[in-house]
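Since the structure is predicted, the reported quantities are computational estimates derived from the model, not experimental observations.
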Amino acid sequence: MTSGAVSQTGRFAVATLGCKVNQFETAAMIEQLQASGWQQVPFGEPAELYLINSCTVTARSDAETRRLIRRARRFAPLARVVATGCSAQVDPQTLISLPEVDQVLGNQEKLQLCHHLQQGRHQVSDLTDLRRGVPLRLTSFADHTRAFLQVQNGCNTGCSYCIVPTARGPSRSVPMTEVLQAARKLAGSGFQELVLTGIHLGAYGLDLSPPGSLLGLVRLLTSAAIFPRLRLGSIEPNELTDDLLELFSTTDVICPHLHVPLQSGCNSVLGRMGRPYDTAFFRNRIERAARLLPNAFIAADLIAGFPDETEAEHAETCRFVESLPLADLHVFPYSSRPGTRAAAMPGHLQASVIKNRAEQLRTIAATKRQQFNQRFIGWKLQVLGQRRHQATGLVSGIARNYLEITYPGTVDLLNQEVVVEIHRIVQGQLQGTCSSVKQHTPEGIIP
């Protein structure tokens with residue numbers, strides 16, 4: 001462990017674990033450091049400062065945080081190693097006790113990272129009483145063509161398996177005027193797509209005075225015509241309202257892409273999880289979305305092997321997701337997180353059982369992805385170029401409905417939306433050829 005406050009400038013490296021909100025916050029911290037004269041280098045290269053932005057959603061995430069901390073110290077014995085993020089917020093004492101760690105900072109401290117670095121002290125604020133969302137300021141994303149904007153933080157739901165309310169505090173929203181200002185600044189930097197993110201995005205605005213809503217925010221952003229493409233992060237099924245779906249279907253700005261957490265396709269398991277809906281409700285929302293947005297990419301989250309889940313309950317989940325018009329599944333093997341209600345539940349399953357159930361669900365997911373991809377051979381899609389692979393001369397980009405597509409092109413096509421006609425699938429990857437966009441359509445489909 002080094003001593004004293006961190007140096008004013010130098011080289012720094014960052015490692016990030018966890019969700020898109022954490023990724024956004026890492027980008028914002030990088031910008032703070034660079035504005036203060038720091039130079040970023042890849043994690044693993046010599047540096048004066050190593051910053052680990054941690055995740056604590058599972059015990060495995062905590063273990064990975066500790067592994068990265070030890071790795072950073074091996075890279076540079078004299079460097080300053082700083083841990084922040086959700087693991088630091090929930091259990092700072094464990095990280096403080098590590099001999100490799102110099103400083104531990106909570107999630108709120110990310111807002112004034114450079115100030116806290118110069119103070120050189122451990123600082124983890126109590127998030128319990130926070131009532132107002134204050135976004136990290138961010139004007140650019142290195143190597144990104146899509147800008148992410150955090151408009152909400154925290155969660156009030158308290159699912160039995162989740163530590164997030166402790167790690168992030170209560171739900172709090174950024175006022176609409178500030179969101180609009182931040183969006184305009186990002187658009188001024190040249191980004192073609194804005195992705196709204198939050199820990200519980202559907203709760204946006206409920207804490208504001210007067211109260212607002214995600215629907216109201218999305219309407220404001222689409223009517224302001226700041227970005228040609230607007231994408232939403234994860235939305236809970238009970239917040240996927242008819243009005244929101246109707247707005248999706250009537251504008252050419254909102255990308256037809258939905259990420260809707262399910263977690264289990266069995267009502268008894270959903271009850272143990274503390275989820276506020278049943279499978280009939282979830283089916284209604286997904287089928288309604290598929291009718292209004294027939295070409296939308298709709299994905300769901302699942303937890304495999306929840307405590308006391310029987311073979312019959314797992315089979316019920318498999319049948320349920322197979323029957324839904326989903327394009328993909330994001331499968332997470334259950335991992336006990338100390339401090340959650342689920343951790344104290346009886347009937348925790350063996351790791352091998354959890355692994356097998358996760359593999360079965362991922363097989364279903366692979367089939368659904370293949371079937372969804374296959375539908376679009378011969379179609380023309382509007383694609384935003386993100387990166388060019390020098391070895392192949394192919395550009396990779398994201399269609400409005402979230403399909404990843406490659407096509408021949410030069411670097412001039414990066415951060416440009418083009419029409420790509422899809423010809424084939426190569427190793428699970430859609431490929432095609434492109435031309436300039438001459439029109440926009442609600443689902444990014446060119447007749």
Side-chain angles (χ1 to χ4, degrees), residues 20 141-148 186-187 189-196 222 225-233 248-259 289-290 292-299 325-330 365-447:
K20 284 187 171 62
F141 282 77
D143 302 322
H144 284 274
T145 57
R146 301 187 300 148
F148 291 76
L186 287 167
S189 296
F191 295 101
Q192 300 299 302
E193 178 176 310
L194 179 67
V195 184
L196 298 184
T222 54
I226 302 171
F227 280 85
R229 293 164 52 133
L230 177 67
R231 196 178 301 273
L232 304 188
F248 265 82
S249 67
T250 55
T251 177
D252 64 354
V253 175
I254 309 175
C255 294
H257 168 213
L258 293 168
H259 189 115
L292 285 173
L293 305 166
N295 298 307
F297 187 103
I298 306 174
L326 295 169
D328 201 2
L329 303 170
H330 296 264
T367 300
K368 285 187 171 293
R369 284 196 304 272
Q370 182 181 19
Q371 291 172 344
F372 190 76
N373 284 348
Q374 194 73 36
R375 285 172 47 187
F376 294 95
I377 294 179
W379 289 49
K380 294 180 179 179
L381 305 180
Q382 291 171 207
V383 182
L384 180 63
Q386 290 189 291
R387 54 194 171 275
R388 186 175 185 272
H389 307 276
Q390 187 172 357
T392 63
L394 295 176
V395 174
S396 295
I398 298 292
R400 288 183 173 241
N401 68 347
Y402 205 59
L403 288 173
E404 185 171 350
I405 297 165
T406 60
Y407 47 96
T410 64
V411 293
D412 295 338
L413 295 184
L414 298 182
N415 203 34
Q416 298 293 324
E417 192 173 57
V418 298
V419 174
V420 177
E421 182 174 358
I422 310 302
H423 300 313
R424 64 186 72 87
I425 300 177
V426 179
Q427 297 180 339
Q429 179 79 61
L430 288 169
Q431 291 188 359
T433 55
C434 70
S435 61
S436 298
V437 169
K438 299 187 182 304
Q439 60 181 305
H440 293 280
T441 63
E443 289 194 277
I445 310 296
I446 307 301

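Note: Leu292 CG to Phe248 CZ = 11.0 Å, rounded to the nearest 0.5 Å. Expressed to the nearest 0.5 Å, how far CG of Asn415 lies from CG of Leu384 amounts to 6.0 Å. Atom CD1 of Ile422 and atom CG of Leu381 lie 4.5 Å apart (nearest 0.5 Å). Residue Ile377 holds its CD1 atom at 11.0 Å from CD of Gln431, rounded to the nearest 0.5 Å. For the atom pair Asp328 CG and His257 NE2, the distance stands at 9.0 Å (nearest 0.5 Å). Note: Phe376 CZ to Phe297 CZ = 10.0 Å, rounded to the nearest 0.5 Å.
Judged by distance alone, with hydrogens and angles left aside, the side-chain atoms of Gln429 form a donor-acceptor pair with the main-chain N or O of Glu404 at under 3.5 Å. Side-chain N or O atoms of Arg231 include one that pairs as donor or acceptor with a backbone N or O of Arg400 at under 3.5 Å. Although no hydrogens or angles enter the test, the distance criterion places no donor-acceptor pair under 3.5 Å between the side chain of Glu193 and the main chain of Phe191.
Between Leu293 and Ser249, the shortest heavy-atom distance links the atoms CD2-CA, 3.8 Å. Smallest separation of non-hydrogen atoms from Tyr407 and Cys434: CD1-SG, 3.8 Å. The shortest heavy-atom contact between Thr410 and Val395 is O-CG2, 3.9 Å. Closest heavy-atom contact between Ala399 and Ile405: CB-CD1, 3.9 Å. The heavy-atom pair separating Leu430 from Ile425 by the smallest distance is CD2-CG1, 3.6 Å. Summarising the geometry of Leu413 relative to Pro408, their closest heavy-atom pair is CD1-O, 4.2 Å, with the distance given to 0.1 Å.
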Would you please test Glu417 and Gln192 for side-chain contact (heavy atoms from CB on, under 4.5 Å) and show each step? CA-CA 8 Å; Glu417 192 173 57; Gln192 300 299 302; 5.9 Å; no
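Remark: Arg388 engages no residue in a salt bridge (charged side-chain N to carboxylate O under 4.0 Å, His left out) (not counting sequence neighbours). Partners of Phe227 under the ring-ring contact (aromatic ring centres under 6.0 Å, His included) rule, at least two apart in sequence or in another chain, do not exist in this structure. In terms of the ring-ring contact (aromatic ring centres under 6.0 Å, His included) criterion, residue partners of His330 (sequence neighbours excluded) are, by chain and number, His259.
The residue from His389, Arg387, Gln386 that alone fulfils the side-chain hydrogen bond (donor to acceptor under 3.5 Å, both in side chains) condition with Ser396 is His389.
Residues Leu403 and Trp379 form no side-chain contact, since every pair of their non-hydrogen atoms from C-beta on lies 4.5 Å or further apart.
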